[in-house]
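In what follows, chains carry the letters A, B, and so on, assigned in the order in which the sequence lines appear, proteins first and then strands, with residues in each chain numbered from 1. Treat the numbers as computed from the prediction; the structure is a model and nothing was measured. These numbers come from the heavy atoms of this one structure, side chains and all, not from hydrogens, waters or symmetry mates.
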Number of protein chains: 2
Amino acid sequence: MARPKASAAAASRDRVFAAAAAEFAARGYAGANVDRIARAARLNKAMIYYHFKSKGDLYREILSDMFQAVRAGVVEVASSTASPDAKIRGYIDAIAAAAEARPHFPPIWLREIAEGGEHIDDSTIASVRDVLASLGRIIDEGHRAGRFHRLEPLLIQAGIIAPLMFFFATARLRRKMERGGAAGLSTLTREMVVDHLQRITLAQLEGKL
Amino acid sequence: MARPKASAAAASRDRVFAAAAAEFAARGYAGANVDRIARAARLNKAMIYYHFKSKGDLYREILSDMFQAVRAGVVEVASSTASPDAKIRGYIDAIAAAAEARPHFPPIWLREIAEGGEHIDDSTIASVRDVLASLGRIIDEGHRAGRFHRLEPLLIQAGIIAPLMFFFATARLRRKMERGGAAGLSTLTREMVVDHLQRITLAQLEGKL
DNA sequence: GTCTATAAATAGATAGAC
DNA sequence: GTCTATCTATTTATAGAC
């Protein structure tokens, strides 16, 4: 359940998980097709229902895996002995790493936001809350150390996560726009975005604006 | 076609448009149900197909209206005689205004990004491109006036639009999370977010970080 | 312009054999 | 664990009356 692989050798349950993640990312919950998931997993529809109770259940497990992964990453950073500004950089890195390790993550998150979190169960809500709480802890710590202003975590959080998710999720759209005549949209790299976010987030917290 | 209203007196075509926008925002393209749109518009399914060629056509018209509205707003700002920093503030205001005037806008945009722009037709792609190009023009102008550094417009754009869309689109999710035990998530106001984005965007362009 | 009725296709879920 | 066949419900789209 924790970190399924999509390789040929992977157990069929993991293949279903991986295929479903890609399908939900590409078409959304309602648009996802169980038959198509089965084909992508080189199985048939009945096997989906052998491994998972329902389409909704399968989706909720994917959501849960996503947010547990981010939560684990940022909690580790927040609990470390690093300096507050190193923690802020690590926090941003951890979110980017979780998103990169799961290509389905950014699109599914964007869709889930649009849906008002309709499919998120309580334990996953708790993971999301912990991610924000970890940032709050880092800011508080920096504040006590006299390094950070005590800014609203939600505002800082939005300034980090939203551009990150946009960057990863718009990859396809940017390519489409370049074919439509826009220049230089794909010159942006993951490093540029992460570096930039790290710098402007710290600048805000350190009161440089 | 330009700016339909949802009032009781509105022509039936406009009622369909408004009901469809809400339905697509709430459930996505695939999840939207033509029958439900018809009921919300106090009509029946056949009327949808009387006014629009297909579900896809109806959706594309809503997308087109959205992006033409942002485009109009930001082009006006970029073409004005205001100072470069006033234009940056106006640019952010214009996007926020377009999003607020159409509650369906942020969720639909988020979903469309997740979908890689699958439903966006060429003329709508052009509108999106113009929105980014307008920011590029403002930055160039500020640069020639010796006030702005010439930063990558896409990076600045992402830092503006992504948090704005997140803020508007997460309203429901934030309420859900507060019921789940998170405190103070709804204290954030539109003014706080817009002011904050205006300040940090200008600070970046003016090289204050 | 608006409606009812229905065609035609698709999709989630299960039964039951191997 | 894996498969085929099928049930049942839903959904887009249209025909045709008023």
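Residues that satisfy the salt bridge (Lys or Arg N to Asp or Glu O under 4.0 Å) test with E178(A), not counting sequence neighbours, are absent from this structure. Scanning for side-chain hydrogen bond (donor to acceptor under 3.5 Å, both in side chains) contacts around T124(B) gives D121(B), with sequence neighbours left out. With sequence neighbours left out, the side-chain hydrogen bond (donor to acceptor under 3.5 Å, both in side chains) criterion links D140(A) to R150(A). Checked against ring-ring contact (aromatic ring centres under 6.0 Å, His included), H51(B) has no partners two or more places apart in sequence or in another chain. Every residue meeting the ring-ring contact (aromatic ring centres under 6.0 Å, His included) condition with Y59(A), not counting sequence neighbours, appears here in chain and number order: F24(A), Y29(A), H119(A). Residues passing the ring-ring contact (aromatic ring centres under 6.0 Å, His included) test with F105(A), sequence neighbours excluded: F67(A), W109(A). Contacts of H104(A) classified as ring-ring contact (aromatic ring centres under 6.0 Å, His included), with partners at least two apart in sequence or in another chain: none.
Rounded to whole Å, atom C1' of dA11(C) lies 18 Å from atom OH of Y59(A). In this structure, K55(A) places its NZ atom 17 Å from C1' of dT14(C), rounding to the nearest Å.
Listed in residue order, the members of residues 28-40 of chain A having a heavy atom less than 4.0 Å from DNA chain C are A32(A), N33(A), V34(A). Residues from residues 45-52 of chain B placing a heavy atom under 4.0 Å of any atom in DNA chain C, listed by number, are A46(B), M47(B), Y50(B).
The span of DNA chain D lying next to chain A, judged by atoms under 4.0 Å from heavy atoms, is bounded 5' to 3' by dG1(D) to dT4(D).
Ion pairing between a basic and an acidic side chain is recognised when a charged N comes within 4.0 Å of a carboxylate O; R27(B) and E23(B) show such pairing.
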Only distances under 3.5 Å count here; give the side-chain donor-acceptor pairs of residues 194-203 of chain B to other protein atoms, sequence neighbours excluded, each with its distance to 0.1 Å.
unit_1	atom_1	unit_2	atom_2	d
H196(B)	NE2	Q204(A)	OE1	3.0
Q198(B)	NE2	R89(B)	O	3.0
T201(B)	OG1	L197(B)	O	2.6

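Residue pairs meeting the side chain to side chain donor-acceptor pair (under 3.5 Å) criterion with at least one member in residues 155-171 of chain A, sequence neighbours excluded, are Y91(A)-Q157(A), T170(A)-R174(A).
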